[in-house]
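Quantities reported herein were computed from a predicted structural model and do not represent experimental measurements. Quick note on labels: first sequence line is chain A, next is B, and so on, each numbered from 1.
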Amino acid sequence: MAHRHAIDFDPREKKYVLAEFPYPSGSGLHIGHAFTFTGADVYARFQRMLGKNVLFPIGWDAFGLPTENYAIKTGRKPQDVTAENTATFQAQMQRLGLSFDYERIVNTTDPSYYKWTQLIFIKLFEKGLAYKQEMPINWCPSCKVGLANEEVVNGNCERCGSPTTRRRISQWVVRITEYADRLIDGLDQTDFIEKVKAAQVNWIGRSEGARVKFKLVGLDEELEIFTTRPDTLWGSTFMVLAPEHHLVQEYCLNHPEVNEYVEVSRAKSDMERMEISYEKTGVYSGLSAINPATGEVIPVWISDFVLLTYGTGAIMSVPGHDQRDWDFATRFGLEIRPIIQPSSGWDYDRAAYTEHEGVMINSGPINGMPVKEAIPAAISWLGEMGIGEATVSYHLRDWIFSRQHYWGEPIPMIFCESCGWQPVSEADLPIKLPEVEQYEPTDTGESPLANIEEWVDTTCPKCGQPARRETDTMPNWAGSDWYFLRFTDPFNPNALADMEKLSYWMPVDVYIGGDEHNTLHLLYSRFIYQFLHDLGAVPDHIPEPYYRRMSHGVILGPDNQRMSKSHGNVIVPDDIILEYGTDVTRAYIMFMGPFDATMAWNERALLGVKRFLERFEKLVDTQAGTRQETSAAIKTLIHKAVDKVSKDLPNFKFNTAVAKLMETLNGINDNGGSVHPDDLRMLVQAIAPLAPFFAEEAWQKLGGKGSVHASDWPQVDPELLKDDTVEISVQVNGKLRGTVTIARDADQAAAEAEARAVESVNKYLQEGTIRKVIYIPAKTISFVVK
RNA sequence: GCCGGAGUGGCGGAAUUGGCAGACGCGCACGACUCAAAAUCGUGUACCUUCGGGUAUGUGGGUUCAAUUCCCACCUUCGGCACCA
């Protein structure tokens, strides 16, 4: 099954086809992997036959908790376990006929690879984009590890499902928010499907508004808030601080009830905060502020519905025009003051009026303006008065980058008592993971590396005094942030990849992956790429790493449920291959449905594909020795099939490509089943990306030269695609009344004459006079009769 | 609540610059081969019908000679986000 491998700098057009590299788990390749990789493989094989220089690499994203947990349980080295698992994965991939560039395999746990992951971190630190901060983080008590917001799902740990709690831990944090706008704008230069773009934009959550300063009564402090509705400032009757806000810490904790409220909310896990979601709680802080628009003194409250991590951690409350503020005001008996007159009446006893329609009332300089004009007018007014300005806020948070685990990249930082945090000098990279006895994380929240004194103790790279290494490791995403760059130059010891090779291969032309990565891996890796772009480490003319993004679907069990061991509905690709062979397995999973759909496994349907390949083989065997001229009808069928497959494969429409091949085989048999080997070989080439082993064998039987996979994709004769005659529909008053077969290029008069001659048509034409005839050549003729 | 998809036979699904709805496969029925079964091959298979025809692509409207396709309103469902000011 020879195929052409990727060749650096080849003059042919390049095509970089990438499927998300897998985590090599102990349970081996599952059917979802088989589905995704087969789709990618069909695409890659097709591109090779088109004469492209295809880069189709694979590697191992091998750092991670399952391997570490396995090591904890069995006492075996994660390195050894990983080596075994990757060997199993590769063997299974080859059994599936996946034509990866296996000689370019990279492994994120290989020190010669993570050397560069570590260097990227150092660069982030040097550019001020990585900082260490003690902060409350999501903590999984079961995994004993800190989690990024992205790794907490409905208050539970994404990996083990345990409810998470909060802990204050000193963490490395990466300033991804610095790139928020670019991560949105850069999407314009990609061809991602709408759903992926929307997910990313949504996740970043950009909102435009204003910051406004409120004076505090009796204090030499100002309280700054963020709002998207500066027009409603005149209706703000109170303010609310997050419990963790510094003003609460500084001025309010001497009140016992405040103290208690702050303690209670601090102890709440995210899960508990969710459960009480719309039941507002709060306490009066004891502070008062002055509404800068009305000059009125308004109370400052504390509530945990205000989040410290968004905006400024404090809000102005406008209960007339914000539902959450309305809920809070209603609960605690605070004033609700309408300052927008809706075009029809509004009952403020029932809810806040939040529409952007209506006219401002009781609002000083913006009085009488429609809401949409009032927003910018309010911002200008704030500027003139020197109390506020337009600004932008994001839902995206900075990226917590520390993990208290063994099986990850050591963060290459050193703490010196006199110099503070210093990066390891580049010459000392990689900082290798030392061998340890115990892989368990510690209850204190430190990684097991902290127990290895001879590794931890080092000297400061700046002053040479004794210093200590960082013992946290990087999150899983670190290794996968840039792996697509390494594939262009996998073994380069001097750079993460050679600039010329990057220029040749990048960007990734098609990136195939799961929707679960649309807001995590995909965003993180775009961020790291943009950062590297700013450093000049990747080609200047390539601003985004991925051009096109394809989502792959999901295969459910035969019972329409997600496959899981507990359901007992798991389909193992190895079993299917053993029973039906690689070609049937591949062709079936491609035939199941659209590439991005969710589909249930159906063994009976698989048998249909098996029959098809058997019938195809029978045809090849009977025709291999013959030299009979192929009939024009069959020749046309074959050319039409190749034409359809040529259009479907580049669009990942594998299901209809297989269907067309089935239809064509049926058509050939219906037309006598006699095909010259030269013509049949075209059909064999068309199925080659889908059923590579079958095609190779058939190709040999039919006298093909070399490997079918190295052959040039067959040329379609456009003359053969056009039929001389076409069957067109005949409509009378919009209803189908018959069909006629006419010459393809028949003019209207000829078509009309043929149509009138049809009895079932003529009958209806007699019912009135013809007012109009619409003729669409080769499609339809339509009579309007009155 | 916000954002993004999707609703077509018994089932998976085809068909989009608007032009014969249901390709292909499964299932089912009947037939051939067989002592029989399996496998294989062949034929049929949206629904209703007074056999003229009529009705059908989530629901209700609209545009058009013509709508699964375009427009408006709604329903259901899947995925993402969600006390984000």
From CZ of A/R611 across to C1' of B/A38 the rounded distance in Å is 12 Å
No-H, no-angle donor-acceptor pair, A/Q323 side chain to B/C83 base, under 3.5 Å: no
Tell me whether the side-chain N or O atoms of A/K660 pair up with the base of B/C24 as donor and acceptor below 3.5 Å, since no angle test is needed here. no
Each nucleotide N or O in nucleotides 65-68 of chain B that has a protein N or O under 3.5 Å away: list the pair and distance.
| unit_1 | atom_1 | unit_2 | atom_2 | d |
| --- | --- | --- | --- | --- |
| B/C65 | O2' | A/G734 | N | 3.3 |
| B/C65 | O2 | A/S782 | OG | 2.7 |

Select one nucleotide: of [options], the one nearest the side-chain heavy atoms of [X].
| X | options | answer |
| --- | --- | --- |
| A/Y764 | B/A85, B/G19, B/G53 | B/G53 |
| A/T739 | B/G19, B/C41, B/C20 | B/C20 |
| A/F591 | B/A85, B/A15, B/G25 | B/G25 |
| A/L736 | B/C20, B/C26, B/A23 | B/C20 |

With a 4.0 Å heavy-atom cut-off, tell me which residues in residues 662-672 of chain A come close to RNA chain B, sorted by residue number. A/M662, A/E663, A/N666
Kindly indicate whether a cation-pi arrangement holds for [X] with [Y], taking the cut-offs as under 6.0 Å to the six-membered ring centre and within 45° of the axis.
| X | Y | answer |
| --- | --- | --- |
| A/R549 | A/Y511 | yes |
| A/R737 | A/Y764 | yes |
| A/K280 | A/F328 | no |

When syn is taken as a glycosidic angle within 90 degrees of 0, is B/G9 syn or anti? syn
Assigned glycosidic conformation for B/G58 [threshold 90° from 0]: anti
Quick check on RNA chain B: between A/I728 and A/D648, whose nearest nucleotide comes earlier from the 5' end? A/D648
Return whichever of A/K763 or A/K653 has its heavy-atom-nearest nucleotide of RNA chain B closer to the 5' end. A/K653
Whom does [N] pair with, Watson-Crick or G-U wobble, provided both distances fall under 3.5 Å?
| N | answer |
| --- | --- |
| B/C47 | B/G54 |
| B/G79 | B/C3 |
| B/U34 | none |
| B/C24 | B/G12 |
| B/G60 | B/C72 |
| B/A67 | none |

I'd like to know if A/D322 and A/R229 make a salt bridge, using a cut-off of under 4.0 Å between side-chain N and carboxylate O. no
NZ/NE/NH1/NH2 to OD/OE distance under 4.0 Å, A/E224 and A/R211: yes
Using the C1' atom in both, what is the distance from B/A15 to B/G31, to the nearest Å? 32 Å
Pick out the pairs of N or O atoms, protein on one side and nucleotides 70-81 of chain B on the other, that lie under 3.5 Å.
| unit_1 | atom_1 | unit_2 | atom_2 | d |
| --- | --- | --- | --- | --- |
| B/G80 | N2 | A/N202 | ND2 | 3.1 |

Kindly assign one of parallel, tilted or perpendicular to the pair A/Y546 and A/H521, based on the angle between their ring planes and the thresholds 30° and 60°. tilted
